[in-house]
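Residue numbering restarts at 1 for every chain, and letters A, B, ... go by the order of the sequence lines.
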Amino acid sequence: MPRPRKRLAGAAGLDKKGPAGKHVKTKNTESSSPQKIPASKNCEKNTGSYWLMKSEPESRLEKGVDVKFGIEDLKAQPKQTACWDGVRNYQARNFLRAMKVDEEAFFYHSNCKEPGIAGLMKIVKEAYPDHTQFEKTNPHYDPSSKEDNPKWSMVDVQFVRMMKRFIPLAELKTHHQAHKATGGPLKNMALFTRQRLSVQPLTQEEFDFILSLEEK
DNA sequence: GCCAACGTTGGC
DNA sequence: GCCAACGTTGGC
């Protein structure tokens with residue numbers, strides 16, 4: 001996305017930085033399907049999908065603007081809430097549009113010294129137009145997007161908690177490789193099979209397995 | 001800083 | 001519509 005990059009925007013009107021855009025900008029075709037995530041089908045609580053969203057925790061200038069936005073930055077926002085702007089990839093955008101309030105997402109640190117999952121957040125506002133696409137000085141400005149038909153969306157996310165311990169990418173990769181060989185929950189994890197996708201879905205099994213790693 | 005992966009652009 | 005060139009993502 002953009003790489004994460006993102007910046008600013010406060011959620012709900014505050015203006016601070018939001019999570020940044022996380023990665024991806026790109027435009028693919030609108031045809032990427034909005035995805036279908038297995039939804040559970042009942043009406044209990046939390047039957048929705050799980051997500052993983054990437055953002056860069058270390059400073060990096062993009063068009064002169066620092067796109068840093070790590071989990072500590074989210075935690076520091078008013079109400080520990082921020083908008084996730086800057087996504088400029090159609091497939092990632094479609095996942096943003098599929099998110100429902102209260103669904104949980106891992107906050108993944110990318111393009112940094114130690115990449116991996118830093119914590120948990122939840123969706124507190126469903127997709128709405130990403131205002132940064134219309135701001136000429138924003139690193140993710142998209143001159144092809146029109147106000148009356150915005151191309152890009154964002155959601156608001158709220159910090160839930162840090163992982164009990166940071167889960168490094170290298171560790172996830174080790175499990176992914178073992179699971180590919182002998183079967184296991186991370187066998188098809190998007191982090192490895194859809195390498196550059198900054199917003200991605202996780203199955204219940206993937207989510208639960210990753211949470212179980214906290215105890216090791 | 002290098003570079004592999006992969007999405008986008010644009011000539012034809 | 002093909003595909004080479006190019007730009008971005010993001011690990012290492």
Enquirer: Measure all distances between protein nitrogen or oxygen atoms and nitrogen or oxygen atoms of nucleotides 3-5 of chain B, and list the pairs falling under 3.5 Å.
Expert:
residue : atom : partner  : partner atom : Å
B:dA5   : O3'  : A:Gln195 : OE1          : 3.0
B:dA5   : N3   : A:Arg196 : NH1          : 3.4

Enquirer: Does this structure show an ion pair linking A:Arg60 with A:Glu62, if we count only N-O contacts that are shorter than 4.0 Å?
Expert: yes

Enquirer: Please confirm whether the shortest side-chain N or O distance from A:Lys173 to OP1 or OP2 of C:dC12 is below 4.0 Å.
Expert: yes

Enquirer: From A:Phe166 CZ over to A:Ile117 CD1, what is the distance, rounded to the nearest 0.5 angstrom?
Expert: 8.5 Å

Enquirer: Once you round it to whole Å, what is the distance between C1' of C:dT9 and NE2 of A:His109?
Expert: 17 Å

Enquirer: OP1 or OP2 of C:dT9 sitting under 4.0 Å from any side-chain N/O of A:Tyr108?
Expert: no

Enquirer: Among the nucleotides C:dG10, B:dG7, C:dC12, which one has an atom lying closest to any side-chain atom of A:Lys54?
Expert: C:dG10

Enquirer: Would a line drawn from the ring center of A:Tyr90 to the ring center of A:Trp152 be shorter than 6.0 Å?
Expert: yes

Enquirer: Distance check needed: C:dG11 C1' versus A:Leu197 CG, whole Å only.
Expert: 16 Å

Enquirer: Using the ring of each side chain (for Trp, its six-membered ring), is A:His179 parallel, tilted or perpendicular to A:His175, with breaks at 30° and 60°?
Expert: tilted

Enquirer: Would you say a side-chain N or O of A:Arg194 is under 4.0 Å from OP1 or OP2 of C:dT9?
Expert: no

Enquirer: Is the closest side-chain donor-acceptor distance between A:Ser59 and A:Asp66 under 3.5 Å?
Expert: yes

Enquirer: Can you check the A:Glu56 CD to C:dT9 C1' distance for me, whole Å?
Expert: 9 Å

Enquirer: Quick check: closest heavy atoms across A:Met53 and A:Ala105, and the distance to 0.1 Å?
Expert: SD-CB, 3.8 Å

Enquirer: Sequence neighbours excluded, which residues qualify as ring pair (Phe, Tyr, Trp, His ring centres under 6.0 Å) partners of A:Phe207?
Expert: A:Tyr50, A:Phe106

Enquirer: What is the distance from CG of A:Asn89 to C1' of C:dT9, rounded to the nearest Å?
Expert: 10 Å

Enquirer: Using whole Å, report how far NE2 of A:His176 lies from C1' of C:dG11.
Expert: 14 Å

Enquirer: Roughly how many Å is it from CG in A:Asp142 to P in B:dT9, rounded to a whole number?
Expert: 9 Å

Enquirer: Just the rounded figure in Å: distance from P of C:dT9 to OH of A:Tyr90.
Expert: 15 Å

Enquirer: To the nearest angstrom, how far is A:Glu62 atom CD from C:dT8 atom C1'?
Expert: 9 Å

